[in-house]
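Note that these values count all heavy atoms, side chains included, but never hydrogens, waters or copies made by symmetry. None of these values were measured; they are calculated from a predicted model.
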Amino acid sequence: MESLGGPKWWQQASRSVSISASLSRVESPPARADATFKVTMLPGDGVGPELMTAVKDVFKAGDVPVEFDEFHLSEVQNMASEDKLEELLSSMKNNKVAIKGKIHTPMEFKGELASYEMRLRRKLDLFANVVHVNSLPGYSTRHNNLDLVIIREQTEGEYSSLEHESVPGVIECLKIITRAKSRRIAKFAFDYATKKGRNKVTAVHKANIMKLGDGLFLQCCAEVAQLYPKIKYENIIIDNCCMQLVQNPYQFDVLVMPNLYGNIIDNLAAGLVGGAGVVPGESYSAEYAVFETGARHPFAQAVGRNIANPTAMLLSAANMLRHLNLEYHSHMVSDAVKRVIKQGKVRTGDLGGYATSDEFTQAVIANLAV
């Protein structure tokens, strides 16, 4: 799979200064038309395995040249260990591309603050999470024709796993903001906007209260913005951003933010277009790409009930195919999904219908060749 590893100049580049190259590399790896691409699959918890079954069924029906290297890692099912994590990491380092479900993180403290989900991101340096929130044609919501992108830094911030009890009854939880990672995610956002023909980048923060931490993030965004005079730059406080997204989301184009804010905004924005079941997402490092749902929910209460919506995972899978330069297969899968939703005859319960997960998947398969 040398074709996915990138040319030598890329391997020698410094990660801290090569985010532009990272975006280009991540979005357009060299393709071999005669290849079967190996992709790491991590079904995760909750309905993740059911959604991955939908992906595998659609890929098989569409004769998609992808072979999955499947791993099961779960903290709630006692299927997590250092050995399993290392096996998974080894596969991802070989394949460079993965598709994953949500690894559920228990709330109970069992001696380790960092969840396997967070450890996976850090070990692969998956610093940029990208969620493209796009209205689905044929499914009407309060705000239609939405098209905005949320870019989240996801290796530091509030999710740094640095907590301790300084004295009994007093917990200190550290939020880490660094100049290097703030500039890196800001540059990624502006590079993304440039590459995708976007017009504006908005930095989301709480620098009026966290003057040093969020102040540094905001300063870094403003510095990077000066390097992109053709892209309009604004900033907005996180609480106002939430209200503005609900009232008038059309004012936003690309939003960039630290870790926790991104988690909140991802979910809020997903709710604007139909919920967690319809929005795809992806995470990038300088070397790896991981495709997943945009709003990360295990939906544990739906396990085994055949009611989960496969849309988000199927659209993520289509984005993965585009990343592999399998443009024909990518369009085939995404067009089939959108066609089924637009027709309105087969919809899962979250979109107001009565179809099962299997019925939706079969409808997508029936539309692959249309």
Closer than 4.0 angstrom, basic N to acidic O: yes or no for [X] and [Y]?
{"X": "K181", "Y": "D125", "result": "no"}
{"X": "R198", "Y": "D147", "result": "yes"}
{"X": "K102", "Y": "E292", "result": "no"}
{"X": "K84", "Y": "E86", "result": "no"}
{"X": "D214", "Y": "K206", "result": "no"}
{"X": "R179", "Y": "E223", "result": "yes"}

Taking the ring centre of each residue, are H205 and Y261 less than 6.0 Å apart?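 Ring centroids of H205 and Y261 are no less than 6.0 Å from each other.
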Step through it carefully: locate the ring centre of Y228, locate the ring centre of Y233, and say whether they are under 6.0 Å apart.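 Between Y233 and Y228, which both carry aromatic rings, the centre distance is not below 6.0 Å.
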State, without any angle test, whether [X] and [Y] hold a side-chain donor-acceptor pair at a distance under 3.5 Å.
{"X": "D69", "Y": "T40", "answer": "no"}
{"X": "D253", "Y": "N199", "answer": "no"}
{"X": "N309", "Y": "T311", "answer": "yes"}
{"X": "Q244", "Y": "N240", "answer": "yes"}
{"X": "N144", "Y": "S135", "answer": "no"}
{"X": "S316", "Y": "E282", "answer": "no"}

Criterion salt bridge (charged side-chain N to carboxylate O under 4.0 Å, His left out) against K56, the qualifying member of E70, E50, E67: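 Among the candidates, only E70 passes.
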Kindly compute the distance separating [atom1] ([X]) from [atom2] ([Y]), expressed to the nearest 0.5 Å.
{"X": "T155", "Y": "L124", "atom1": "OG1", "atom2": "CG", "result": "12.0 Å"}
{"X": "H331", "Y": "K338", "atom1": "NE2", "atom2": "NZ", "result": "9.0 Å"}
{"X": "C221", "Y": "M257", "atom1": "SG", "atom2": "CE", "result": "10.0 Å"}

Row check, F127 ring normal vs R184 NZ/CZ: under 6.0 Å, within 45°: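 That pair qualifies as a cation-pi contact.
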Quick check with a 6.0 Å cut-off and a 45 degree axis cone: is K195 positioned over the face of Y192's six-membered ring?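 So K195 doesn't make the cation-pi contact.
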Does CG belonging to L212 count more than 12 external heavy atoms closer than 6.0 Å?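 No, the 6.0 Å shell around CG holds no more than 12 heavy atoms from other groups.
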Can you tell me if K123 has over 12 outside heavy atoms packed within less than 6.0 Å of its NZ?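 Incorrect, the count does not exceed 12.
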